[in-house]
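Written below as structure tokens is the structure these notes are about.
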Amino acid sequence: MIPEYIPQEIEKALQKKWLEEDRFLAKPDNREKYYCLSMFPYPSGKLHMGHVRNYTIGDVISRYKRMNNFNVFQPMGWDAFGLPAENAAIANKVSPKEWTNENIEHMKKQLVALGLGYDWSKELRTCEPSYYKWEQLIFKKFYEKGLVYRKKSLVNWDPVDETVLANEQVIDGKGWRSGAQIEIKEIDQWFIKITEYAEELLNSLEEVDWPENVKTMQKNWIGKSHGAEIKFKIKDTKEFLTVFSTRPDTIFGASFIAISPNHEIALDLAKKDIQISDFLQKCKEVSSAEADMAKAEKLGIDTGISAIHPLTNKEIPVWIGNFVLLDYGTGVVMGVPGHDQRDFEFASKYSLNIIQVISNDNEEDLPIISEGTLINSEKYNNLSSKDASIKITNDLTDKDLGCGLVQYRLRDWGVSRQRYWGCPIPVIYENGTPRIVDENELPVELPELPENSAPIPLSQNKDFYEISSDIQRETDTFDTFMDSSWYYARFTSADNNESVFDKNSSYWLPVDLYIGGIEHAILHLLYSRFFHKALRDMDMVEGNEPFKKLLTQGMVLKDGAKMSKSKGNTVDPQSYIDKYGADTVRLYMMFTAPPEQSLEWSESSVEGASRFLKKIWNLIIERRFEEIKEPSSFSEEEKALRRKTHTTLKKVTNDFEARFSFNTAIASIMELLNFIPEKFKSQETSESEKFCLNETIIIILKMLNPIAPHISEYLWNAFYDQNPQEGIESSWPEVNQDLLEISEFELVVQINGKVRGKVIASIDSDQSEIEELACTIENVSNNLKDKEIKKIIYIKGKIVNFVI
RNA sequence: GGGGAUGUGGUGGAACUGGUAGACACGCUUGGCUUAGAACCAAGUGCCGCAAGGCGUGGGGGUUCGACUCCCUCCAUCCCUACCA
């Protein structure tokens, strides 16, 4: 009777062993290093499928690299500050700290149970003072470098709960808890000048090995555009309204100016004009999220003010438009309805002039968005858009009414959050004047909450903020993106309390492979890149980029949608780990879809993964390695198995190395297993068959080890039994090139591109021999009968195509 | 609104550089084993058709001897959109 495969037993024992022998502890040595990092999780309570997928990919690659003699560093930590902890605290009457730490303990056990090989000696929790102390110090250094400033900025305000809401807490313009109509409110906030690095963030994308789509997203987000600043004089005053336009060639089509509802002029007018003040009130009722603003109906109101067109000197009306963002550009736009979709809609709605100034052969109906030839533009008529843009910009510059300008879409990073569960911003106000806390007073610790208390905002915690009657602490905390922008570097020195980054950081950095969800393609990755560059300029880290290579994994879906509690389509990975074991879950995750694509969860496919491991188990568990001298000759069947084994190894190696294509790697291992002839497996097999089977078993176990490390290591040890051999992890097998050579192949014969037959051909045949051979197929010769052959195409080793 | 992806059998997916579409697996059907079931083993399985053959990679068009792959266009779904992480 074959012993049964009970994954729970062997997995637990091996995990214990790995921890006891510090298998995954990493120290600098003279091997090539490989820093493999998976995005650390928010400790929400338990692992979800996205985590399992992310971390399995990272672990598979780490184990593979380790087998290839790299010094692998794979740490793990916790992005522990954030909104959900506060929500849970209110709902469950536990402190955010307690809730978070309990979640971490549970999730850490889950990670261990998945067999993930982390160096736990470098574990980080961003909510610990020992971590955020350094974040406060980095902020201080940014401040000293002139990268930090304070500015008024917009937030979603819930007037009932008297609190600032995150965008996701605003549903259809209402607060999620109170249901009250939210308001856009302007408050003082801290900003970091990420725009100072805009150009470098754009250019150094060329240095990294990232997916093109992520690079494109970042490029578009930074949004470098060339255009012109144009000044429109306000009638009867000496003041100007300055607009930025990427299309100065369309300036003769400008028929209105639109200013932001938060623009100074709008605010001034609202004081006197009840209609305008009503309009501004209405504008405040749309959440500040970009998607909401863009979807909201375009609304406007005439200010009654006129502006003077800088080139025609005609008067054009100034409107307030709810679609104009104060934070972007100058907060004023020039409306060219003939050549801009949004302006066209706005002008049509409010019966403003629509003037065509560009003609284009391909487009007839206004608005014509693309470039073309100028018309109705006085002396610029008949110029191309490009030439006209240059000429008009030059002429405006001469008149001192404008200038050419490079503009970025990227805005400075607002890091203030009005919340409790975050890193306190280390600032003290003395008589209202801010100053950063001295280094020796860091960290500014987050105050503990009274027992069973809901989180009290720092602004209501007098014990915290009041140092004396005229000295107060800042009560905002940092955006949690701050916490996650530099953790990759801190991991290298996580156990060092004396300095933020020690000499290990220059050994391990940059991260060789960073793995995480595609949803982080812009914000998190951009902020981290900015941090790295700023830290580099302060001589704290080396190199220009934090993440050399990036792997963006797709989402785990159920019924075609992202798993979420609100949709009720979540699947808890723990129940599958309990039922099938970690190896099956890992195998399933890797087999079901390529890493970059989204993965549709399927219950029954998990069974398939489990079945495959059982087959491997049943094949190997009772077999023992025997020292057999390599036979001098092999039968055809034996040769075929050896060739299959080594072509599989070659494919799997390539899939791991160059493509991260684990699903196809697993498929070929399955194919190899199916290929082993029955009689090789029987007890009465010959010596040479046994030799070949041994070779195949060894290679299968090695190939399987990164993906299913428990079963493969267990079987490896069982297979070698009393004869001590190298550990399964000590090396990746080598392809025997001699075994790959083939002399024959299956020739596909096509007529006009349609397959008409197949025949075994020699690889060395020339085209005429191939043609002759192809014509021996009855179906082919029948189809070619009485037909004029126009052309014959032969692709060596693949197909021959007769064109008739 | 803007930006980025994806679309192939009943299902997940494969086809890597323009060269046999559907590897591998799930499911299903039939048979074996079994008192029965589970498990396991064997065979079959894109669609239409008795067959010959024809059709087939979201829809339409194009380039090519040859297109899942390249180009144009339309449609659907998903992700991000600066305070979810």
Side-chain angles (χ1 to χ4, degrees), chain A residues 39 41-42 44 79 82-84 154-156 164-170 189 194 211-214 216-217 219-221 223 287-296 298 323 327 341-342 345 409-419 479-481 484 517-524 526-527 552 554-555 557 560-562 588 591-594 596-609 611-612 614-615 618 651 654-655 658-659 661 663-664 666-671 674 746-755 758 790-793 795 798-804:
Chain A
M39 290 182 185
Y42 178 78
S44 56
D79 190 12
L83 207 47
L154 307 175
V155 293
N156 301 308
V164 173
L165 297 183
N167 285 332
E168 70 154 15
Q169 295 175 316
V170 180
Q189 310 213 55
I194 188 171
E212 272 316 308
N213 62 324
V214 177
T216 307
M217 279 190 256
K219 268 179 208 158
N220 291 336
W221 185 261
S287 108
S288 60
E290 190 191 299
D292 292 333
M293 295 188 78
K295 266 182 244 141
K298 308 287 172 286
F323 55 87
D327 286 338
Q341 186 66 40
R342 188 187 57 194
E345 284 163 24
R409 203 187 81 97
L410 182 68
R411 308 199 295 256
D412 275 338
W413 178 12
V415 296
S416 285
R417 297 291 181 270
Q418 297 70 37
R419 310 198 198 291
D479 174 8
T480 54
F481 274 125
S484 57
I518 182 70
E519 65 273 19
H520 295 288
I522 297 173
L523 294 179
H524 163 61
L526 194 69
Y527 293 141
T552 49
M555 261 166 306
L557 308 177
K562 188 178 177 176
Y588 167 77
F591 179 60
T592 298
E596 266 113 343
Q597 269 177 45
S598 56
L599 182 154
E600 173 72 34
W601 180 260
S602 148
E603 184 93 32
S604 52
S605 298
V606 185
E607 287 277 357
R611 209 174 292 170
F612 170 67
K614 273 184 211 152
K615 272 196 215 172
N618 292 341
K651 175 166 174 49
N654 183 56
D655 283 350
R659 304 205 303 153
S661 176
N663 55 329
T664 53
I666 294 164
S668 17
I669 300 173
M670 288 174 169
E671 231 178 294
N674 295 342
E746 190 184 45
L747 175 73
V748 173
V749 185
Q750 296 183 331
I751 294 171
N752 283 351
K754 286 196 199 314
V755 179
K758 294 168 192 177
K790 289 184 192 149
K791 211 189 217 179
I792 304 170
I793 292 148
I795 306 294
K798 282 186 175 146
I799 65 151
V800 62
N801 188 13
F802 293 88
V803 184
I804 56 173

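Just so it is clear, the structure is predicted and the values come from calculations on it, not from any experiment. Chain letters run A, B, ... following the sequence lines, proteins first and then strands; every chain starts at 1.
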> Taking only N and O in the side chain of Thr480(A), is any of them less than 4.0 Å away from OP1 or OP2 of A85(B)?
Replying inline: yes

> Touch check for Gln418(A), heavy atoms < 4.0 angstrom, all strands: base, sugar-phosphate only, or nothing?
Replying inline: base

> Would Arg411(A) and Glu290(A) pass as an ion pair if we require N to O under 4.0 Å?
Replying inline: no

> In the structure shown, which nucleotide is the Watson-Crick or G-U wobble counterpart of A67(B), with both distances under 3.5 Å?
Replying inline: none

>> Tell me whether the side-chain N/O atoms of Arg411(A) come closer than 4.0 Å to OP1 or OP2 in A82(B).
In response: no

>> Measuring from the side chain of Met670(A) (C-beta onward, heavy atoms only), which nucleotide among C24(B), C80(B), U81(B) has the closest atom?
In response: C24(B)

>> Measuring from atom CD1 of Ile518(A) to atom CE of Met555(A), what distance do you get when rounded to the nearest 0.5 angstrom?
In response: 8.5 Å

> Does Pro41(A) have any side-chain contact (heavy atoms from CB on, under 4.5 Å) partners at least two apart in sequence or in another chain, and if so, which?
Replying inline: His51(A), Tyr55(A), Met76(A), Trp78(A), Met107(A)

>> For a quick test of reading the model: is some side-chain N or O of Arg611(A) closer than 4.0 Å to OP1 or OP2 of G27(B)?
In response: yes

> What nucleic acid atoms does Trp221(A) come within less than 4.0 Å of, heavy atoms only: base, sugar-phosphate, or nothing?
Replying inline: base

> Is any side-chain N or O of Asn674(A) closer than 4.0 Å to OP1 or OP2 of A25(B)?
Replying inline: yes

> Which whole-number value in Å describes the distance from Leu526(A) CG to C80(B) C1'?
Replying inline: 13 Å

> Atom NZ in Lys798(A), atom CD in Gln750(A): separation rounded to 0.5 Å?
Replying inline: 12.5 Å

> Of the candidate nucleotides C78(B), C83(B), G3(B), which contains the atom at the shortest distance from the side chain of Asn167(A)?
Replying inline: C83(B)

>> I'd like the P distance from A85(B) over to G19(B), given in whole Å.
In response: 46 Å

> Under 4.0 angstrom, heavy atoms only, what part of the nucleic acid is Met293(A) near: base, sugar-phosphate, or nothing?
Replying inline: nothing

>> If you assign each of Asn156(A) and Lys298(A) to its closest nucleotide in RNA chain B, which residue comes earlier from the 5' end?
In response: Lys298(A)

>> For Ile666(A) and Gly414(A), find the nucleotide of RNA chain B closest to each by heavy atoms; which residue's nucleotide sits nearer the 5' end?
In response: Ile666(A)

All N/O contacts under 3.5 Å from nucleotides 44-46 of chain B to the protein, with atom names and distances to one decimal?
none

> With a 4.0 Å cut-off on heavy atoms, is Val170(A) in touch with a base, just the backbone sugar-phosphate, or nothing at all?
Replying inline: nothing

>> Using atom P in both nucleotides, what's the gap between C71(B) and A5(B) to the nearest angstrom?
In response: 13 Å

Could I get a table of every N or O pair under 3.5 Å where one atom is in the protein and the other is in nucleotides 14-20 of chain B?
from, atom 1, to, atom 2, distance (Å)
A14(B), OP1, Asn663(A), ND2, 2.9
A15(B), OP1, Arg659(A), NH1, 3.2
A15(B), OP1, Arg659(A), NH2, 3.1
C16(B), O4', Arg659(A), NH1, 3.4
C16(B), N4, Lys651(A), NZ, 2.7
U20(B), O2, Lys758(A), NZ, 2.6

>> Using only modelled atom types and a 3.5 angstrom limit, is any donor from either the side chain of Glu290(A) or the base of G1(B) paired with an acceptor on the other?
In response: yes

> Taking the side chain of Lys754(A) as heavy atoms from C-beta outward, which of U81(B), C55(B), G4(B) is closest to it?
Replying inline: C55(B)

> For the pair made of CG in Asn220(A) and C1' in G1(B), what is the distance, rounded to whole Å?
Replying inline: 15 Å

